[in-house]
There are 2 protein chains.
Amino acid sequence: MATIKEVAKHTGLSSTTVSRVINNHPYVDEAKRKKVLEAMEELGYVPNSSARRLRGQRTNTIAVIISRIVNPFFSHLVDAMEKLAAEQGYQLILCDSRLEKKREIRHLELLKTKQVDGIILASIQNDWKDIEPYTRYGPILSCNEYDSKASMPMVVCDQKYGGYLGTRHLIERGHTKIAYAGGADRIELTRDRFTGFEQAMKEAGLAIREDYLFTSYYGIDDGKNIFHRMYALEEKPTAIFAGGDEVAAGVIKEAKRFHCRVPDDLAVIGYDNQPIADLIDPGITTIDQPMKLMGTRAMEMMMDMITHNRRTMYQKEVLPLQLVVRQST
Amino acid sequence: MATIKEVAKHTGLSSTTVSRVINNHPYVDEAKRKKVLEAMEELGYVPNSSARRLRGQRTNTIAVIISRIVNPFFSHLVDAMEKLAAEQGYQLILCDSRLEKKREIRHLELLKTKQVDGIILASIQNDWKDIEPYTRYGPILSCNEYDSKASMPMVVCDQKYGGYLGTRHLIERGHTKIAYAGGADRIELTRDRFTGFEQAMKEAGLAIREDYLFTSYYGIDDGKNIFHRMYALEEKPTAIFAGGDEVAAGVIKEAKRFHCRVPDDLAVIGYDNQPIADLIDPGITTIDQPMKLMGTRAMEMMMDMITHNRRTMYQKEVLPLQLVVRQST
DNA sequence: CCTGGTTATGATATCGTTACCATATAACGT
DNA sequence: ACGTTATATGGTAACGATATCATAACCAGG
């Protein structure tokens, strides 16, 4: 609509002076500044951000890539990020990979095409070698998920420890037949968590049974599914470590429906400490991940990278995990 | 990095021809087209989207304003929107108003500054008179929430009916002392839902007691809170209609903790039919809102408005609500 | 009175694309 | 042979802002 030139014409000043007013440049006569502001008001002038972006080479926009926004873990992460971004005058583009590599790559292209100033990866589907090329177009950092081959800043939790912590807890409760449900194997976070599980089992001299392992499960329905597969087994596990509170909730829901008592017949431990863990009955024992803190720190680091023009600086920040004991174990 | 001019120089052609290749213009010699594509590949050329936006006056970006992303209702809505947007090559900017008018207005500014092609309002904090001015800068439509004074396209549910439906159900179960917990009064959706409640109560010849009404409640903790305030009453209600499954879940959680049996001592009905409603024990009877459908339809309408350049076309699409009976009533 | 810094303003080039107009050859019908 | 249309290409002016350079008035210090 109204452009800077029209404001200039309207005031009899040059567009340069108008621009100075807009950007609070010091050397502008007070009377003229007022005049310009009035004209802007009158014409309903607003700076066109596409023009500013082109000229200034900055977008004030950040993309966050997650794998499933309906997962409360990601909702909370994104919530914390959005809050900080908004406070700093940044926009947040929500990119959902839906666990697909192609979608993730398409979202990374945003950096190439200069639609965003930086990208936060809260979920990683592709190998580092496919992501790395994008780092030359702007800052990329990971939050929550990670790749040890990658050299990018990261805000993560010690997943090996998390896996260990949960498993130890089950062992301390006297369990020996422990099942494990995790995400996709190709994900390092998933493998690390499993490593922690293995370690605790090994320490206790317990064997890991193939038929007690479930992979690539995320949601409530997956949890229900797993329950049935477990209970179809000849020798049933007495405890399960689920890779997320939603899965745990699904297991518990179905267990109760089939009169399998939790935790007496089957102990269940989740992961994340989502609100739901405290809501259902019995409350889910879980590994607390500091979702808010992770999101906030990641965004802070991103801002820092953008404003100080740092690129592939390598920095790993590890946030604490914690066991939260409730009634499901 | 590499611009269209460099590709032009590299091929010995004009930037116009390169642009034609990029945009699949028909009149380009096949051999030259190939040559351009090779040069683009070699130089790692990618069109700069800020320049395109400026030139083309389109951003391929849509903003969605919600009030709280951690509310699963909004997560699901946004999920459906993001999916469709991505398929059509659009970006989605997540705008969380956190129930604050100022934030909402700041987000509406995105349309003025040409950062987005359109805005979907899934939550409305401001009066129509404060939103209306923005409609002249681009398409705005509402999804879920609405304002009868507003003339913008809407995708909504019949909230009066929803309120009526839930209340009737409680009445049919024999309840007469029915409490009601809703959102903020200034929201029309909230008032309509309450109107439905009133109507059902009136039809049954039941009185509405002031001390049974709770306003401005949204989350799990609010639900817990409400339970305590209800149970501090001399004459306790035997049923409560909560304006969201999270609130209902909070009420139930706390009820159980204080040995108040659901539904025998207290029947609880929720709203939305979020996954949680089916998960907790007892399952929450609730009013199903077609979240996916609402999100999808809203985004479809937005696309239509953008591509056909429609503005304040008034169109109201009402999607069906449904009572889902579980064990909490 | 001259030099040099502070204050104030404007002209112009530039960011990277694409729309529009101009030009040129080839192909075609009459 | 000649106008007409389809095919192919390039030059240039936008889109709307701001960085840079140039200019000029003013005041202070020597």
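Throughout, a chain's letter reflects where its sequence line sits, starting with A, and its residues are numbered from 1. Because the structure is a prediction, the values reported are computed rather than measured.
- Rounded to whole Å, the distance from CG on A:Leu54 to C1' on C:dG16 is 6 Å.
- For the pair B:Thr17 and A:Gly56, nearest-nucleotide mapping onto DNA chain D gives the more 5' position to B:Thr17.
- Contact annotation: A:Tyr45 reaches the phosphate of D:dA17 (side-chain N/O to OP1 or OP2, under 4.0 Å).
- The side chain of A:Gln57 contributes no N or O atom lying less than 4.0 Å from OP1 or OP2 of C:dT14.
- One donor-acceptor pair, N or O on each side, does fall under 3.5 Å between the base of D:dT9 and the side chain of B:Arg20.
- We find that A:Glu38 and A:Lys35 are not joined by a salt bridge, their nearest charged nitrogen and carboxylate oxygen being 4.0 Å or further apart.
- With rounding to whole Å, A:Arg58 atom CZ is found 14 Å from D:dT18 atom C1'.
- Salt-bridge annotation for B:Glu6 and B:Lys9: absent, with no side-chain N of the basic residue lying under 4.0 Å from a carboxylate O of the acidic one.
- At the heavy-atom level, B:Thr16 lies under 4.0 Å from base atoms of the strands shown.
- A donor-acceptor pair shorter than 3.5 Å cannot be found between the side chains of A:Arg191 and A:Gln159.
- Note: CD1 (B:Ile22) to P (C:dG16) measures 13 Å, nearest angstrom.
- Remark: B:Asp147 does not engage B:Lys129 in a salt bridge, criterion side-chain N to carboxylate O under 4.0 Å.
- Residue contacts for A:Val46: at a heavy-atom cut-off of 4.0 Å it reaches the sugar-phosphate backbone alone, with no base atom in range.
- Rounded to a whole Å, the CZ atom of B:Arg55 is 19 Å from the P atom of C:dT14.
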